[in-house]
Amino acid sequence: MNSEDNVKNPNSAPLDESGSNDFIRAIIKEDLKTGKHQTIRTRFPPEPNGYLHIGHAKSICLNFGLAQAFGGLCNLRMDDTNPVKEDIEYVESIQEDVRWLGFSWDDRLFYAADYFDQMYEYAEQLIKQGQAYVCSLSREDTKSTRGTLIEGGQESPYRNRPIEENLDLFRRMKAGEFEEGTHVLRAKIDMNSPNINMRDPAIYRIRKASHHRTGDKWCIYPMYDYAHCISDSIEGITHSICTLEFENHRPLYDWFLDQLHVKCHAQQIEFARLNVTYTVMSKRKLLFLVKEKHVRGWDDPRMPTISGMRRRGYTPQAIRNFCAKIGVGKAETTVDFSLLEYCVREDLEKISPRVMAVMHPLKVVIENYPEGQVEELDAPYHPDDPSWGSRKVPFSRVIYIEQEDFMENPPKKFFRLAPGREVRLRYGYFIKCVSVVKDPTTGAIVELRCTYDPSTKGGNAPDNRRVKSTLHWVSAAHAISAEARLYNQLFTKESPDEGKDFLSFINPKSLEVVTCYIEPSLATCKVGDRFQFERIGYFYVDLDSQPNHLVFNRTITLKDTWAKIQQKEQTAE
RNA sequence: UACCCGAUAGUGUAAUUGGUAACACAACAGGUUUUGGUCCUGUACUUCGAGGUUCAAGUCCUCGUCGGGUAGCCA
């Protein structure tokens, strides 16, 4: 749309300012431009039969984002037409997750179940129009007469039942006179259609199950294809956005609404669902991981669920940025997990105060530091922004550093501490390693003996001599011990969905629990706080934390150039 | 073997709708740095194939190739 159009039509909906220009936005822009719609209405319609995951986040950001961008509205709708699979637990978690992601449906929380009366009326209308009939074939016979992908089906012997008989039977289905599986209401379309969805699909089936919302009012429940288009129509949806597997269902979506002569008939638009490397996305597989206790629950930080990512410490902003970056298309694709990681780091980098903690402690005794002496060193919360303020960090004779920051026989590219080498302690002093203490039986390094240079307090040498690295540390006498949960990929294979047994690709090292030492300033931190532990990663205070037992989830590591160098050297050998 | 859909750097997505193929991530190289972080600079790598229309094709047409979806009384 050019500026001239804006001048001509100053009251048109605001233009999309998200910067993206995918095929769905193109359709909407065109619809607004041609006047097909004055405003748009979308909806996010999950079935409450599981927890939302990152793939749903894509759909949420799309539907709510579109509404925002074009000045329309987006509804939240529970697509709850199958009581045997659905549960109130999921209804609640879905709302929590959408809200947390940063989207608001105001008073527009809807349930397909709330439209059951209208749907029933419409069904009688179809029967009266001669476009639906009660079929009394068994499940098996229905299947065997449907035909195959390459051959048409056969018409049901019940297909030409008189309208009055259909009406009577359907009403008695509703009244609960028949057992499950004995009858079904079918649309009368075309048993020879090349599109199997059009071969007299079921509209209503008998389910003597109580529904989380309508209780025992109904014993017949509408099928998805029938319920979804009607729900959209009732809510005034203009663009009904769904995933690719519903493409073949679109003719049926349109057929129902055409036969029912409804006023509102949305355009169904399909987009490719999200896949991400090193994870699985199907609700069935996620449910399996939970049920078989491969993870601790739906909100286990290793899960790609929204609740899992939340608990891990991902931010809503990071997930929204990710969804904006991956775009929308019709090609089935798999996004690199590293893009998600990038978005998480990008946001966390901006909002996390820096503090110090040691995951795998190595004791260091500073021989020339006076016994009993303690200094409070000033340490800023952000290296480049003084407005974040600072805190005091105690320094004393015995400290802990990270085990991997010392090597007895360092390779050329190792810049950290080694025998005879001098390094800087962050915001502290320069120290030099003078000897290594080993366990006499195992030979393991248990302690380092170092000396410090008192003139380097704060981290600078008066003679301007340089060190090759800066280490994080905590004072042994002042550190608080805490639990750290170090997460890695749940799967070792880039595409765990490939092949039959995705469980065989579960990463046995997806969680490492350690007792770490954190600086004393962290004593007062609260559940939900975020920090960058310098040189390690971003951490999130888990809800398992107790006053005397803090638990930190490692949200994500910092980018680790050294690890990359090591890997390269190893593979080169 | 029926119908539907898709294919642009390694990955994902753009290209004023027929007019110089680009952005982000990843990779690689360098610079800055009291985080091997951040930040900055640079390098390498792209239109599935064959025809056709056109002054001009990633874009339009034809035929292929490859990939995905579809035979629930699931959604």
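We name chains A, B, ... by the order of the sequence lines, and we start the count at 1 in each one. Just so it is clear, the model here is predicted, and its values are computed rather than measured.
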Query raised in the report: Between Leu32(A), Thr34(A), Ile28(A), which is the residue that forms a side chain to side chain contact (heavy atoms under 4.5 Å, CB included) with Glu30(A)?
Result: Thr34(A)

Query raised in the report: Paired with rC3(B) by Watson-Crick or G-U wobble geometry, both distances under 3.5 Å: which nucleotide is it?
Result: rG69(B)

Requested in this report: Give me the ring orientation class for Phe395(A) and Tyr452(A): parallel if the planes are under 30° apart, tilted from 30 to 60°, perpendicular past 60°.
Outcome: tilted

Requested in this report: If the glycosidic angle is within 90 degrees of 0 it's syn, otherwise anti, so just tell me which one rU17(B) is.
Outcome: syn

Query - Nucleotide rC74(B), atom P - distance to OH of Tyr226(A) in whole Å - result: 17 Å

Query - Comparing Ser338(A) and Glu346(A) on RNA chain B - which has the more 5′ nearest nucleotide - result: Ser338(A)

Report task. Examine the base of rU35(B) for any acceptor or donor lying under 3.5 Å from a partner atom in the side chain of Gln532(A), and report the outcome as yes or no. Result -> yes

Requested in this report: Sticking with atom P, work out how far rC55(B) lies from rC45(B), rounded to a whole angstrom.
Outcome: 33 Å

Query raised in the report: Under 4.0 angstrom, heavy atoms only, what part of the nucleic acid is Ser193(A) near: base, sugar-phosphate, or nothing?
Result: nothing

Query raised in the report: When all nucleic acid strands are considered with a 4.0 Å heavy-atom cut-off, which category describes Phe533(A): base, sugar-phosphate, or nothing?
Result: nothing

Query raised in the report: At under 4.0 Å, does any side-chain N or O of Thr142(A) touch on OP1 or OP2 of rG72(B)?
Result: no

Requested in this report: Please work out if Val84(A) contacts a base, only the sugar-phosphate, or nothing of the nucleic acid, heavy-atom cut-off 4.0 Å.
Outcome: nothing

**Report entry** Pair assignment for rC39(B), Watson-Crick or G-U wobble, requiring both distances under 3.5 Å
**Finding:** rG31(B)

Query raised in the report: After noting the C-alpha distance and the side-chain angles of Tyr120(A) and Phe170(A), does the key distance pass the ring-ring contact (aromatic ring centres under 6.0 Å, His included) rule?
Result: CA-CA 10 Å; Tyr120(A) 178 82; Phe170(A) 186 49; 5.0 Å; yes

Requested in this report: Report the relative orientation of the aromatic rings in Phe44(A) and His56(A); use parallel for angles under 30°, tilted for 30 to 60°, perpendicular for over 60°.
Outcome: perpendicular

**Report entry** d(NZ, Lys330(A); P, rC5(B)) in whole Å
**Finding:** 7 Å

Query raised in the report: If each of Arg424(A) and Ala272(A) is mapped to the nucleotide of RNA chain B with the nearest heavy atom, which maps nearer the 5' terminus, i.e. the 5' end?
Result: Ala272(A)

